Amino acid sequence: MNDLAGKHLVLGLTGGVACYKAADLCRAFVKEGASVQVVMTEAAAQFITPVTMQALSGRPVHTSQWDAREPNNMPHINLSREADAIVVAPCSADFIAKLVHGRADDLLSLLCLARPAQRVPLLLAPAMNREMWTHPATQRNLAQVAADGARVLGVGTGEQACGETGDGRMLEPHELLEDVVAAMQPKPLAGRRVLVTAGPTFEPIDPVRGITNHSSGKMGFAVARAAREAGAEVTLVAGPVHLPTPRGVRRVDVRTARQMLEATLGLADAADLFVATAAVADWRPAAEAAHKIKKDRSGQPPQLAFAENPDILATVAALPRARSGALYCVGFAAESQDLLANAQAKRARKGIPLLAGNIGPATFGQDDNQLLLVDAQGATELPRAPKLQLARTLVAEIARRLPTR
Ligand code: CTP
């Protein structure tokens with residue numbers, strides 16, 4: 001998607017086995033459209049060569065502050081001024097300690113200290129043995145660098161190069177990429193709490209069958225990710241889908257419409273914004289058979305009775321918090337025709353300020369979509385785009401409409 005198009009990143013490597021993952025990370029940044037300047041400490045060069053990093057980034061690697069290639073001989077100033085962000089991955093325990101003390105005896109620590117802190121974020125991807133990670137000195141230092149303005153990206157858990165198992169592995173390149181992309185997005189939802197429903201629901205007929213629909217959950221997951229990128233604290237209530245949870249998003253899995261309603265109502269009190277993207281089954285079998293329904297050889301199919309499912313969006317929109325404006329509700333409409341008229345009618349019927357209409361069969365399972373936003377002022381078209389890009393635009397449109405606090 002070229003999420004980093006036009007961005008220039010300094011990728012700093014410090015000493016650690018995870019340097020091998022930094023090669024992949026560099027490739028991932030370049031693939032997303034970023035230009036990457038690699039800076040390596042002496043220790044990092046023990047683990048991976050500058051040749052590899054130069055080949056992947058397409059630029060000579062910087063390793064020394066005494067680099068005569070820079071006309072003014074000030075690589076720490078030049079490199080930090082050119083960057084849109086500095087990412088240190090892997091970031092060793094020793095390097096974190098150095099940052100805490102403002103030490104600057106090698107090019108990478110020097111340029112971190114010299115960076116224009118208001119404009120150039122510093123993101124750290126720690127990597128170390130589990131004992132080093134949990135050591136009070138490391139934890140103290142991490143809290144201090146965060147307080148000084150660095151963003152600590154967290155660590156993974158699992159088997160470590162040393163043979164031990166625990167916390168301290170560097171995050172995987174695709175996870176770091178998602179975090180770096182998120183860090184570069186505007187934050188119009190900072191401090192807001194967002195609740196999203198996504199995916200289909202599954203309404204059981206018996207233990208082996210049920211009714212569901214073609215919703216893949218992609219749009220809702222994209223909305224959750226975009227809201228998170230925009231700075232919100234996000235909870236995603238998901239029906240049965242096969243999608244990874246966006247990073248930093250809390251996920252609650254449910255199966256049926258009634259479970260989705262219960263989970264959503266339990267969370268709505270703590271939300272400022274509710275976005276209902278789920279394709280909730282309108283009806284469920286009135287009773288779930290305890291055992292598999294068998295053919296009875298009569299040639300007659302079983303007679304199923306249906307009950308209407310609760311309308312989750314309408315129920316939430318009727319809560320006093322929503323009616324008072326403290327909880328802003330956004331609905332989606334999956335239509336097969338007459339999008340504008342159906343969307344306007346649905347917005348009024350559900351009692352919500354904003355509704356995003358789309359043509360259901362044209363979007364289910366697809367990676368892109370187009371939306372028609374309908375509010376009291378009228379309709380706005382969001383043209384066809386990948387679902388994540390569309391979700392980011394939608395989040396910006398919602399943020400503009402949220403009542404100020
Ligand atoms: N919705 C919901 N609970 C339901 C049905 C729908 O929360 N039981 C929400 C959807 O998540 C979506 C919006 O309501 O945000 C509209 O869903 P849609 O299926 O398009 O509309 P319906 O309410 O089912 O109306 P209709 O059958 O007339 O199309």
Side-chain angles (χ1 to χ4, degrees), residues 194-204 210-224 226-227 234-241 252-268 271 273-286 306-319 321-322 327-365 369-375 379 382 387 390-391 394-395 397-398 401:
V194 177
L195 179 59
V196 181
T197 60
T201 61
F202 180 92
E203 312 296 333
I211 297 170
T212 186
N213 59 60
H214 286 307
S215 166
S216 63
K218 284 180 185 168
M219 193 64 218
F221 275 58
V223 168
V234 183
T235 305
L236 175 62
V237 179
V241 292
V252 179
D253 281 320
V254 297
R255 203 158 78 116
T256 66
R258 286 185 295 176
Q259 288 167 356
M260 189 175 270
L261 175 69
E262 196 186 322
T264 303
L265 284 178
L267 293 159
L273 167 63
F274 174 51
V275 187
T277 75
V280 183
D282 289 319
W283 302 280
R284 63 176 184 277
F306 289 94
E308 192 167 315
N309 268 328
D311 188 321
I312 300 168
L313 176 57
T315 309
V316 172
L319 294 174
R321 291 194 68 238
L327 171 61
Y328 190 89
C329 293
V330 181
F332 267 68
E335 304 297 340
S336 62
Q337 59 173 351
D338 271 345
L339 189 53
L340 179 61
N342 277 319
Q344 278 169 332
K346 199 165 281 181
R347 185 185 85 84
R349 197 166 69 242
K350 305 251 177 186
I352 53 172
L354 180 65
L355 185 128
N358 56 178
I359 297 292
T363 176
F364 281 175
N369 192 7
Q370 69 191 76
L371 295 176
L372 185 70
L373 296 192
V374 179
D375 66 6
L382 305 189
K387 283 181 176 172
L390 206 55
L394 173 64
V395 161
E397 291 282 343
I398 295 172
R401 290 168 168 85

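Only this structure's heavy atoms are used, side chains among them; waters, hydrogens and symmetry mates stay out. Both ligands and their constituent atoms are indexed starting at 1 by order of listing. These numbers were taken from a predicted model, which means no experiment stands behind them.
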Can you confirm, on distance only, whether ligand 1 has an N/O atom lying under 3.5 Å from any N/O atom belonging to [X]?
X      : result
Ala276 : yes
Val330 : no
Asn309 : no
Val280 : no

Under 3.5 Å, side chain of [X] to main-chain N/O of [Y], donor-acceptor pair present?
X      : Y      : result
Asn213 : Ala281 : no
Arg284 : Glu308 : yes
Thr201 : Arg255 : no

Can you tell if the side chain of Leu319 reaches within under 4.5 Å of the side chain of Leu265, non-hydrogen atoms only?
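The answer is yes; the side chains approach within 4.5 Å.
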Exceeds 12 heavy-atom contacts within 6.0 angstrom, atom CD of Glu397:
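Enclosed: over 12 neighbouring heavy atoms sit under 6.0 Å from CD of Glu397.
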How about Arg401: does its CZ atom have over 12 heavy atoms from other parts shown lying under 6.0 Å from it?
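Yes, enclosed.
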Should Val196 and Phe221 be marked as a side chain to side chain contact (heavy atoms under 4.5 Å, CB included) after you check the CA-CA gap, both sets of side-chain angles, and the distance that decides it?
CA-CA 8 Å; Val196 181; Phe221 275 58; over 6 Å; no
Using a heavy-atom cut-off of under 4.0 Å, does the side chain or the backbone of [X] touch ligand 1, or both, or neither?
X      : result
Arg349 : side chain
Pro310 : backbone
Asp282 : side chain

Once you round to the nearest 0.5 Å, how far does [atom1] of [X] lie from [atom2] of [Y]?
X      : Y      : atom1 : atom2 : result
Cys329 : Ile312 : SG    : CD1   : 12.5 Å
Leu339 : Leu372 : CG    : CG    : 5.0 Å
Leu373 : Leu394 : CG    : CG    : 6.0 Å

Return the residue, atom name and 0.1 Å-rounded distance of the protein heavy atom closest to [atom].
atom                    : answer
atom 13 (C) of ligand 1 : Phe332 O, 2.8 Å
atom 11 (O) of ligand 1 : Ala278 O, 2.6 Å
atom 14 (O) of ligand 1 : Lys350 NZ, 2.9 Å
atom 26 (P) of ligand 1 : Lys346 NZ, 3.7 Å
atom 7 (O) of ligand 1  : Leu313 N, 2.8 Å

Side-chain donor-acceptor contacts of residues 343-354 below 3.5 Å, not counting sequence neighbours, with atom names and distances?
from   : atom 1 : to     : atom 2 : distance (Å)
Lys346 : NZ     : Glu335 : OE2    : 2.6
Arg347 : NH1    : Ile352 : O      : 3.0
Arg347 : NH1    : Pro353 : O      : 3.1
Lys350 : NZ     : Asp311 : OD1    : 3.4
Lys350 : NZ     : Asp311 : OD2    : 2.7

Numbered atoms and elements of ligand 1 in range of Gly331, under 4.0 angstrom, heavy atoms:
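In order of numbering, the contacting atoms are 15 (O).
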Subset of ligand 1 atoms that lie under 4.0 Å from at least one heavy atom of Ala333
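Reading through ligand 1 atom by atom, the close ones are 20 (O).
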Has Ala257 got any heavy atom lying under 4.0 angstrom from an atom of ligand 1?
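No.
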Tell me whether Met260 reaches ligand 1 (any heavy atom closer than 4.0 angstrom to a ligand atom).
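Not so, Met260 does not reach ligand 1.
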Could you tell me whether atom 19 (O) of ligand 1 has a protein heavy atom closer than 4.0 Å?
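For atom 19 (O) of ligand 1 the answer is no, since every protein heavy atom stays at 4.0 Å or beyond.
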Among Ile312, Asn213, Thr201, Val316, which one has a heavy atom closest to atom 3 (N) of ligand 1?
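The nearest heavy atom belongs to Ile312.
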For atom 2 (C) of ligand 1, tell me which residue out of Asn358, Asp311, Ile352 has the closest non-hydrogen atom.
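Looking at heavy atoms only, Asp311 sits closest to atom 2 (C) of ligand 1.
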Candidate pair Leu313 and Val280, rule side chain to side chain contact (heavy atoms under 4.5 Å, CB included), full reasoning:
CA-CA 10 Å; Leu313 176 57; Val280 183; over 6 Å; no
